[in-house]
There are 2 protein chains.
Amino acid sequence: MSYKFDESQPIYLQLIEIFKTNIANGTWKAGEKIDSVRNLALDFAVNPNTVQRALVELENIGLAYSQRTSGRFITQNQELTRNLKHEMAENKTRDFVKQMQAIDIEQKAILDLVQRCLSLEE
Amino acid sequence: MSYKFDESQPIYLQLIEIFKTNIANGTWKAGEKIDSVRNLALDFAVNPNTVQRALVELENIGLAYSQRTSGRFITQNQELTRNLKHEMAENKTRDFVKQMQAIDIEQKAILDLVQRCLSLEE
DNA sequence: ATTATTGTATTAATCTATTAATACAAGATG
DNA sequence: CATCTTGTATTAATAGATTAATACAATAAT
């Protein structure tokens with residue numbers, strides 16, 4: 001694995017984002033077992049406590065649960081994982097539009113930019 | 001003024017973003033004088049050193065310059081301020097699209113979301 | 001039964017962002 | 001000339017994120 005972390009943000013927050021992304025895009029499926037804290041820490045080359053902190057957050061929002069000795073799992077609740085994807089998509093869109101409007105980009109120009117960016121990848 | 005800062009990122013980085021936004025959207029025009037470090041610090045309710053740090057960054061990328069005792073100014077170079085707007089717009093678009101693709105949203109869905117978000121504000 | 005692996009908890013150390021308190025230099029202002 | 005306002009620099013203190021080194025509890029694996 002081995003990610004590059006952004007220096008401008010705490011690693012545990014970036015881990016949360018990565019984990020949520022894994023759930024949203026189906027890399028981590030509902031009910032599936034997650035790799036152990038220690039292994040994840042090795043993969044991401046960070047301290048186990050940092051991973052632990054991010055995973056506890058994931059539990060707090062109901063996306064995962066842990067079983068003391070058998071490991072940690074993604075929630076069985078497929079409703080939740082599906083919602084996550086939509087929520088993330090809508091939040092990111094809202095943020096994006098807000099930022100574009102803050103620098104005074106017109107509606108049509110926003111759509112054009114997105115379209116152009118998408119068409120670069122076909 | 002008085003902004004709410006995000007706890008997930010250093011304030012000086014958020015200040016840089018705010019200042020760049022001010023330039024990009026024309027709030028701070030090319031050649032104009034900026035408020036003093038001390039006043040900005042009061043406005044944003046942060047330490048003068050934090051403002052100073054952000055402003056030095058602004059100078060490093062050529063968007064501002066300081067005159068020892070008369071104050072600090074936005075660059076006279078209108079080319080630069082115009083470019084800033086375009087660069088920011090393109091970067092934000094690229095980031096946005098990347099994030100949306102990371103959570104497995106299809107091209108058409110991305111455009112739909114943006115369009116829906118924009119139409120909510122007319 | 002023993003061992004290995006799991007999550008969890010604790011405590012100290014380190015590093016960095018921020019605050020805070022100043023001081024200095026230089027030009028503008030009165 | 002004296003004072004005020006600039007930007008700038010320095011140093012110490014504080015707060016929070018991260019690392020580090022362990023230890024414990026419970027259960028799965030052997």
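Throughout, a chain's letter reflects where its sequence line sits, starting with A, and its residues are numbered from 1.
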What does the list of N/O pairs under 3.5 Å between the protein and nucleotides 13-18 of chain C look like, with a distance for each?
residue : atom : partner : partner atom : Å
C:dT18  : OP1  : B:I11   : N            : 2.0

Could you give all pairs that pass the ring pair (Phe, Tyr, Trp, His ring centres under 6.0 Å) test and reach residues 102-122 of chain A, with sequence neighbours left out? none
Would you be so kind as to tabulate the donor-acceptor pairs closer than 3.5 Å made by side chains of residues 73-82 of chain A, with sequence neighbours excluded?
residue : atom : partner : partner atom : Å
A:T75   : OG1  : A:N77   : N            : 3.0
A:Q76   : NE2  : A:Y65   : OH           : 2.9
A:N77   : OD1  : A:E79   : N            : 3.0
A:N77   : OD1  : A:L80   : N            : 3.2
A:T81   : OG1  : A:Q78   : O            : 2.9

Kindly write out the residues that satisfy salt bridge (Lys or Arg N to Asp or Glu O under 4.0 Å) with A:K20, not counting sequence neighbours, or none if the list is empty. none
Can you run down the ring pair (Phe, Tyr, Trp, His ring centres under 6.0 Å) pairs that involve residues 85-116 of chain B, sequence neighbours left out, and say none if there aren't any? A:F96-B:F96
Test of understanding: with side chain to side chain contact (heavy atoms under 4.5 Å, CB included), list the residues that count as partners of A:E32, not counting sequence neighbours. A:K29
Who pairs with B:E106 by salt bridge (Lys or Arg N to Asp or Glu O under 4.0 Å), at least two apart in sequence or on another chain? none
Any pair counted as salt bridge (charged side-chain N to carboxylate O under 4.0 Å, His left out), so long as it reaches residues 64-77 of chain B, sequence neighbours left out: B:E59-B:R72
Among A:T21, A:T27, A:N22, side-chain hydrogen bond (donor to acceptor under 3.5 Å, both in side chains) partner for A:N25: A:T27
So the contacted stretch of DNA chain D, first to last nucleotide with an atom under 4.0 Å from a non-hydrogen atom of chain B, runs from D:dT6 to D:dT10
What string of B, S and - do you get for nucleotides 25-30 of chain C, 5' to 3', if B is base contact, S is sugar-phosphate-only contact and - is no contact with any protein heavy atom under 4.0 Å? BBS---
Going by salt bridge (Lys or Arg N to Asp or Glu O under 4.0 Å), name the residues that satisfy it together with B:E17, two or more places apart in sequence or in a different chain. B:K92
Looking across every strand, which nucleic acid part, if any, lies under 4.0 Å from A:R38 by heavy atom: base, sugar-phosphate, or nothing? base
Show every salt bridge (charged side-chain N to carboxylate O under 4.0 Å, His left out) that has at least one partner inside residues 107-119 of chain A, sequence neighbours left out. A:K108-A:D112
